[in-house]
Amino acid sequence: MATELAANRTAEVTGRFSSQVSIISIHGDAAGRGCDGQTFTLRLGSYFVNQGGGGGGGGG
């Protein structure tokens, strides 16, 4: 949630994320006319498949 204190306006950003696609929605008067009510879909495809990375470490 974003809040502009001077004008007391707010915007809420929600989304769903996976390794293949991310969907982000923006709603609220602080988002501006160009973004308010918009949903953006980012298709990540093989980006994460090609990235290295480690798993979580175990204790014990």
Side-chain angles (χ1 to χ4, degrees):
M1 174 79 74
T3 302
E4 180 182 355
L5 297 177
N8 197 30
R9 300 183 319 168
T10 62
E12 183 173 319
V13 178
T14 58
R16 293 179 290 159
F17 303 91
S18 75
S19 63
Q20 295 299 311
V21 66
S22 295
I23 300 171
I24 303 166
S25 298
I26 304 172
H27 300 280
D29 55 359
R33 290 173 42 171
C35 291
D36 184 26
Q38 296 293 315
T39 297
F40 301 93
T41 301
L42 306 171
R43 299 199 186 284
L44 304 173
S46 62
Y47 177 78
F48 287 112
V49 172
N50 295 327
Q51 299 301 307

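All values below were derived from every heavy atom in this structure, side-chain atoms included, with hydrogens, water molecules and symmetry-related copies excluded. Along the sequence shown, the residues carry numbers beginning at 1.
Formation of a donor-acceptor pair under 3.5 Å by the D36 side chain with backbone atoms of A31 is not found in this model.
I24 contributes atom CD1, which lies 4.5 Å from atom CZ of F17 (distance to the nearest 0.5 angstrom). Distance CZ/R9 to CG/D29: 5.5 Å, rounded to 0.5 Å.
Shown here for H27 and G37, the closest heavy-atom pair between the two residues is ND1-CA, 3.5 Å.
Side chains of S25 and T14: no donor on one and acceptor on the other come within 3.5 Å.
By the rule that hydrophobic residues join a cluster once side-chain heavy atoms approach within less than 4.5 Å of another member, V13 and F40 end up as members of one cluster.
Counting only heavy atoms from C-beta outward, the side chains of V21 and L42 never approach each other to under 4.5 Å. Taking 4.5 Å as the limit, every side-chain heavy atom of I26 sits out of range of all side-chain heavy atoms of Q38.
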